[in-house]
Amino acid sequence: MAEALKKTPLWEAHVALGGKLVPFAGFEMPVQYPSGITTEHQAVRTAAGLFDVCHMGEFILKGPQALDFIQKITVNDASKVAVGQVQYTAMCLENGGIIDDLLVYRDAEHWMLVVNASNKEKDLAWVEGHAAAFDVDLVDASDETALLALQGPRAAEILQPLTGTDLGGIGYYRFAAGEVAGVEGMISRTGYTGEDGFELYIPAGAAMKLWDALMGAGAEGGGLTPTGLGCRDSLRLEMGYALYGNDLDEEHTPLESGLGWITKLDKGDFLGREALVAQKEAGIKRRLVGMKLMDRGFPRHGYPVVAGGEEVGVVTSGVVSPSLGLGIALGYVPSELASPGTEVGVRIRDKVIPAVIQRPPFYTGGSLRR
Amino acid sequence: MSDIPEGLLYTEEHEYLKPGEEDDVYLVGITDYAQGELGDVVYVELPEVGASFDKMEPFGTIEAVKAVSDLYCPVRAEILEVNAALEEDPALINSDPYGEGWMIKIRVEDVDQLTGTMDAVAYSSLVGG
């Protein structure tokens, strides 16, 4: 018998709003609300959307060797992360394959790793297995932690009246402890949409209270829409953000997956480093690239990428961009075809739709300011 | 609750046949239930006017954000007309599935083939009414 799906603390809110619930990473999650994915997408681009991302995993790390440990298990240089800062990074197998991509938060007394829900159990086992050699305490706080993402150009004006924390003082990829609508938590200026916005980490028991307060405040200011996983996917694809399980997996290394910029081979030893150094020396043979379709078509995960009549690669994520009105995709192609402007094709059933390699983001009108 | 108008014929593939101006002419589209399940329609690919399809032969495809689905011809028929408005505005299938969101107008070759379809009551119980 299949394991029962978990519910986030906001499940009742989704049901009350008429959300369409689907299984995702072991949770019953809203893929959309009655207004539909396109409307929700535009709401985030033009006003604001509120996402339930409680399914994400949070691991708390403490102890004298917490930094050393994080350096060992991640590819980015965590020593560069200041207190109050967030870093995008990844964990690799010894062979360089990506275990997961994640965020690292540095607080005064502890660190927090935020991992993909779909990988949480795998990540926990991996992190626990390597923690034994370090003087570090590891706690899986996922069940007690709720996470709401408020995203869109109006996010700050909706959130500011609900908190005494000056949001202007929190820069991109920074966070601060704070109270929002009477709920103590962490206000993080991060997101997965290409818009300005905040991710709010709070105790699970307070999730509904915060959701209601945000929806109330957003309705008054106008334009705040509950938003589901469907538009989360189209929003992140317009930015070219990779998604684990689609674009990232254990079969590909960060050097192949467009994550070379977070892979600091010279920071010292870390898991997967030797394999990555060897791969870099041998030359990267395939790369994750952005592709823009030049004709009508909806690129989807698994569709072949063709060049010169040959199948040369594969689409790993795709969508018809609601902002651009044309098909956009991420996918792997041989390195010699990875340069922007290179013409390829995407096979959609019996047709090959011409496509051009383009460096993401596909959408450049976002309110995100780095 | 999805809208299931009386007076139309329905198929297990969630298509409807709406009686047209002649006894053997019908407008075909997908039901309100089907558009709700598919979500926002992005593209619809429709056949050439004059083409003929067997019963259950795919006559086109419908691309929604989540998935692509084949459209099956509910009966052996000839295509008399396709709804050109869907090219520009496929969202009509979501907003008005039984009206402006119709897809093809067909001439049914053998009206006896329509006996396999459902009325509104039967279709309503299929989709959990």
Side-chain angles (χ1 to χ4, degrees), chain A residues 18-24 29-44 225 227-238 243 246 293-303 315 317-329 346-351 353, chain B residues 1-4 13-14 29-48 51 53 56-73 82-101 103 127-129:
Chain A
K20 184 179 290 184
L21 299 172
V22 299
F24 181 83
M29 298 298 290
V31 66
Q32 65 166 87
Y33 300 90
S35 56
I37 292 174
T38 309
T39 303
E40 291 169 29
H41 182 107
Q42 300 301 4
V44 174
T225 303
T227 42
L229 293 178
C231 76
R232 193 169 163 80
D233 196 54
S234 52
L235 289 159
R236 68 98 188 168
L237 263 171
E238 286 188 341
L243 173 65
N246 275 42
L293 269 55
M294 305 312 286
D295 204 348
R296 226 170 78 133
F298 198 127
R300 296 182 193 272
H301 180 82
Y303 286 3
V315 170
S317 290
V319 73
V320 173
S321 159
S323 301
L324 308 176
L326 49 81
I328 56 173
V346 173
R347 186 180 296 144
I348 299 181
R349 294 180 291 285
D350 53 349
K351 280 187 201 157
I353 309 295
Chain B
M1 206 53 54
S2 63
D3 181 23
I4 303 173
E13 285 70 41
H14 306 288
I30 64 167
T31 65
D32 185 40
Y33 171 83
Q35 72 76 20
E37 287 295 298
L38 278 172
D40 292 345
V41 175
V42 181
Y43 295 132
V44 57
E45 235 171 281
L46 297 175
E48 300 282 329
F53 293 90
M56 286 307 290
E57 190 182 346
F59 70 81
T61 54
I62 184 165
E63 295 263 13
V65 177
K66 280 168 284 176
V68 56
S69 309
D70 282 323
L71 296 162
Y72 296 98
C73 203
V82 301
N83 184 358
L86 298 180
E87 175 103 4
E88 277 300 300
D89 191 4
L92 291 171
I93 292 167
N94 295 114
S95 58
D96 190 12
Y98 301 112
E100 290 187 65
M103 294 175 175
V127 300

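Every chain is numbered from 1, with letters handed out A, B, ... down the list of sequences.
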Fill in: Partner chain B: residue of A:T39, A:V319, A:V320 with the largest heavy-atom pair count (under 4.5 Å)
A:V320
Discussion item. For B:V65, which atoms come within 4.5 Å of any heavy atom of chain A: side chain, backbone, both, or neither?
Written reply: both
Worksheet item: So with a 6.0 Å cut-off around CD of B:E57, is the heavy-atom count from everything else above 12?
Response: yes
Discussion item. Is it true that B:H14 and B:E37 share a donor-acceptor pair across their side chains at a distance under 3.5 Å?
Written reply: no
Worksheet item: Given the rule in the side chain to side chain contact (heavy atoms under 4.5 Å, CB included) test, do A:E40 and A:S35 qualify, once you have shown the distances and angles that lead to the verdict?
Response: CA-CA 7 Å; A:E40 291 169 29; A:S35 56; 3.6 Å; yes
Fill in: Interchain contact, B:A64 with chain A, by part (heavy-atom threshold 4.5 Å)
backbone
Worksheet item: So, A:R296 and B:E63, do they make that salt bridge, N to O below 4.0 Å?
Response: no
